[in-house]
Asks: 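Structure below; questions to follow.
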Amino acid sequence: MNMDKQTKAPLFDALMKYRDKGPISFHVPGHKNGQIFPENAKVFFQELLQLDATELSGLDDLHSPEGAILEAETLLAELFHAQKSYFLVNGSTVGNLAMVMAAANEDDTVLVQRNCHKSILNALRLAKVRPVFLEPEFDPQWKVATGVSPETVKEAIHQYPNAKALVVTYPNYYGMAYCLEEIINHAHRYQIPVLVDEAHGAHFISGEPFPISVSQLGADVTVQSAHKTLPAMTMGSFLHVHSERVDRNRLEDYLHIFQSSSPSYAIMASLDLARSYLASYNAKDLVYLQTKINHFKEQLAEIPQIKVLDYPDQQGDHLKVTIQSRCGISGFELQSKLEQAAIFTELADPYNVLLVLPLLKSGQEYPFDEAAGNIKTALAGLPVQEIMDKSWSPKEKIAELAIGYKDMPNFQELEIPIHQAGGQISAETVIPYPPGIPLFLKGETITKDKLEHFQRLVESGARFQGGIQLSEGKIKVFTTA
Ligand SMILES: Cc1ncc(COP(=O)(O)O)c(C=O)c1O
């Protein structure tokens with residue numbers, strides 16, 4: 001790889017060149033390079049709005065790139081050893097939609113890790129495929145779902161050898177990685193393309209101590225939320241194609257359909273810069289970052305009210321730190337306590353709170369000491385006691401929907417009290433959020449143990465997406481009458 005080239009940021013440079021012309025705008029957007037903007041907010045937006053351009057001469061076109069955007073995407077592909085890479089301006093959400101739609105047709109069987117993001121579920125629904133959900137493993141210490149095991153995947157492929165795609169998430173939201181290589185190799189033996197939602201792993205390409213990047217494992221298509229762990233603007237993401245198993249023309253077609261015809265140049269330029277930042281991330285930076293993280297974790301480990309969790313088999317993302325409550329309160333309550341001390345975290349679940357750390361380069365500072373001090377003060381005085389273990393793992397490893405996406409319109413929906421829903425087929429998807437893992441899937445049977453788990457989540461203060469009448473104790477189910 002040519003490292004000199006990787007230091008460049010062609011799209012950002014093109015925008016700088018454009019700005020240096022002192023342009024007078026008679027085109028969209030209406031803020032006219034930041035000149036027309038509400039006065040009270042101008043000071044915050046003005047600099048950035050100079051980058052919020054449109055498809056002007058020299059600035060290329062995301063939907064038909066042949067200049068600065070093509071150059072920037074080519075550098076991205078080179079960094080990730082991809083055949084082709086794309087900037088996404090609507091998050092990994094749009095990448096997930098496009099990759100699933102490109103890989104499968106109506107009625108095709110698609111194997112999918114159950115604890116996938118809702119964008120994958122939406123993609124399956126739009127594509128009207130027959131999903132087969134693969135249950136992930138469950139970590140009893142962390143009390144969270146991890147990844148799918150090779151055994152589950154092998155059994156699923158044995159049952160559904162004609163599946164048109166396998167969709168997995170790597171790493172999970174908490175940064176836990178797992179043995180994906182064996183899974184990919186097995187799927188490829190059956191010519192099944194492997195689509196990986198690597199939303200949380202864009203930085204893995206920098207090497208150890210981060211887990212191995214999917215780009216190095218032979219997956220066919222990967223999607224990464226650059227904005228989650230790299231210095232990129234929210235919604236900025238990457239999509240990489242590594243093989244011909246998924247039709248690239250179809251994939252591009254769906255990217256055109258799903259993405260705006262007015263993509264944000266500010267987001268795209270930030271992606272260009274984030275790629276350059278990542279490419280220049282070196283061994284010295286890794287050592288510096290690791291030292292900072294270790295010191296922060298050591299400080300947290302001294303706080304008796306929490307436990308800093310270690311990754312099983314050391315396989316996990318060092319940019320994520322998960323703390324578990326040991327003071328009798330739920331993870332949600334722990335998160336609120338930290339917010340009162342101005343510590344804003346990524347997510348909480350009934351037991352844990354997840355912190356996402358910055359990808360610091362050597363010499364960059366971050367207020368870790370202040371944060372550790374604030375956390376200590378916020379929790380001081382809370383009695384140390386383990387929270388009750390109410391962990392749960394479902395019984396089925398491989399499951400299909402009871403009513404498929406294509407047949408759903410033939411059924412009516414009925415709202416019933418949730419305590420009467422055992423054995424019924426859910427007409428809505430209910431996702432405790434974050435981390436966005438569906439508990440009840442639209443079209444799936446509501447089992448008794450899931451219903452009990454739902455009750456425990458309610459008691460521990462979990463929030464839910466979907467299930468509009470859940471707060472009234474009601475859920476929609478399918479009925480033929
Ligand atoms: C695993 C996973 N995939 C996809 C997404 C969607 O990513 P984005 O917010 O970039 O659209 C998320 C968001 O949290 C996620 O956690």
Side-chain angles (χ1 to χ4, degrees), residues 76 85-101 110 112-126 131 133-134 136-137 144-148 165-178 180 194-204 211 213-214 219 221-240 254-255 258-260 263-264 266-268 270-271 274-275 316-317 319-320 322 335 344-349 352-356 429 431-439 462-466:
L76 178 65
S85 293
Y86 302 86
F87 285 170
L88 306 176
V89 290
N90 191 18
S92 288
T93 296
V94 79
N96 285 343
L97 290 175
M99 76 176 174
V100 172
M101 298 286 291
V110 173
V112 56
Q113 182 176 334
R114 186 187 174 88
N115 58 331
C116 62
H117 186 256
K118 60 184 173 174
S119 54
I120 297 282
L121 295 174
N122 290 335
L124 299 170
R125 198 169 136 200
L126 284 178
F133 292 99
L134 312 188
E137 298 303 295
V144 301
T146 57
V148 276
L166 166 67
V167 189
V168 295
T169 309
Y170 169 100
N172 75 352
Y173 212 130
Y174 299 81
M176 298 164 110
Y178 59 100
L180 198 53
V194 183
L195 316 179
V196 185
D197 176 355
E198 199 186 13
H200 297 269
H203 57 296
F204 287 2
S213 165
V214 175
V221 184
T222 61
V223 171
Q224 302 169 325
S225 293
H227 68 93
K228 289 193 194 297
T229 54
L230 303 181
M233 281 177 67
T234 295
M235 293 172 86
S237 294
F238 300 143
L239 185 147
H240 309 289
Y254 282 114
L255 288 176
F258 291 135
Q259 298 213 90
S260 170
S264 159
I267 292 177
M268 290 191 286
S270 83
L271 286 174
R275 185 269 315 145
D317 179 6
L319 279 195
K320 303 256 170 104
T322 299
Q335 186 183 44
F344 291 87
T345 57
E346 174 65 13
L347 73 81
D349 65 32
N352 308 309
V353 172
L354 170 67
L355 286 70
V356 182
T429 294
I431 312 176
Y433 206 83
I437 300 166
L439 182 63
R463 283 169 282 259
F464 298 90
Q465 263 196 13

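For the numbers below, each heavy atom of this structure counts, side chains included, while hydrogens, waters and symmetry mates do not. Whatever order the structure lists ligands and atoms in, that order sets their numbers, starting from 1. Everything quoted here is computed from the prediction, not taken from an experiment. Counting from 1, the numbers follow the sequence of the chain as shown.
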Asks: Short list, please: which atoms of ligand 1 are under 4.0 Å from a heavy atom of Thr169?
Replies: 1 (C)
Asks: Of the side chain and backbone of Asp197, name the one, both, or neither that has a heavy atom under 4.0 Å from an atom of ligand 1.
Replies: side chain
Asks: Can you tell me which portion of Val94 lies within the under-4.0 Å heavy-atom range of ligand 1? Options are side chain, backbone, both, or neither.
Replies: neither
Asks: Any idea which atoms of ligand 1 are less than 4.0 Å away from a heavy-atom of His200?
Replies: 1 (C), 15 (C), 16 (O)
Asks: Look only at the side chain of Lys320 and the backbone of Met176, and say whether a donor-acceptor pair between them is shorter than 3.5 Å.
Replies: no
Asks: Can any side-chain N or O of Ser92 pair as donor or acceptor with the backbone N or O of Ser225 at less than 3.5 Å?
Replies: yes
Asks: By number and element, which atoms of ligand 1 are closer than 4.0 Å to a non-hydrogen atom of Lys228?
Replies: 7 (O), 9 (O), 12 (C), 13 (C), 14 (O)
Asks: Of all the atoms in ligand 1, which lie at a distance below 4.0 Å from a heavy atom belonging to Ser225?
Replies: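 By the 4.0 Å cutoff, the relevant atoms are 7 (O), 8 (P), 10 (O).
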Asks: Do ligand 1 and Ser92 have nitrogen or oxygen atoms that lie under 3.5 Å from each other?
Replies: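 Yes: some nitrogen or oxygen of Ser92 is under 3.5 Å from one in ligand 1.
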Asks: Judged by atom type as modelled, is there a donor-acceptor pair below 3.5 Å linking the side chain of Glu346 to the main-chain atoms of Leu354?
Replies: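 Absent.
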Asks: Which atoms of ligand 1 have any heavy atom of Ser237 under 4.0 Å away?
Replies: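 Answer, ordered by atom number: 10 (O).
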Asks: Counting distance only, does the side-chain N/O of Asn90 pair as donor-acceptor with the main-chain N or O of Ser260 below 3.5 Å?
Replies: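 A pair under 3.5 Å: no.
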Asks: Using heavy atoms and a 4.0 Å limit, tell me yes or no: is Met235 in contact with ligand 1?
Replies: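 The answer is no: ligand 1 sits nowhere under 4.0 Å from a heavy atom of Met235.
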Asks: Please state which part of Asn96 comes within less than 4.0 Å of ligand 1, counting heavy atoms only: side chain, backbone, both or neither.
Replies: side chain
Asks: Heavy atoms only: give me the nearest Ser237-His227 pair and the separation to one decimal.
Replies: OG-CD2, 3.8 Å
Asks: Using side-chain contact (heavy atoms from CB on, under 4.5 Å) as the criterion, point out the one residue from Asn115, Val148, Val112 that pairs with Phe133.
Replies: Val112
Asks: Under 4.0 Å from a heavy atom of Tyr173: give me the atoms of ligand 1 that qualify, with their elements.
Replies: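 Ligand 1 atoms under the 4.0 Å threshold to Tyr173: 14 (O), 16 (O).
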Asks: Please say which of Val100, Val221, Val214, Thr169 ends up in a side-chain contact (heavy atoms from CB on, under 4.5 Å) with Asp197.
Replies: Thr169
Asks: Donor-acceptor check, side chain of Gln259 to backbone of Val89, threshold 3.5 angstrom: yes or no?
Replies: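 Between the backbone of Val89 and the side chain of Gln259 there is a qualifying donor-acceptor contact (under 3.5 Å).
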Asks: Please list, in number order, the atoms of ligand 1 under 4.0 Å from a heavy atom of His227.
Replies: 8 (P), 9 (O), 10 (O)
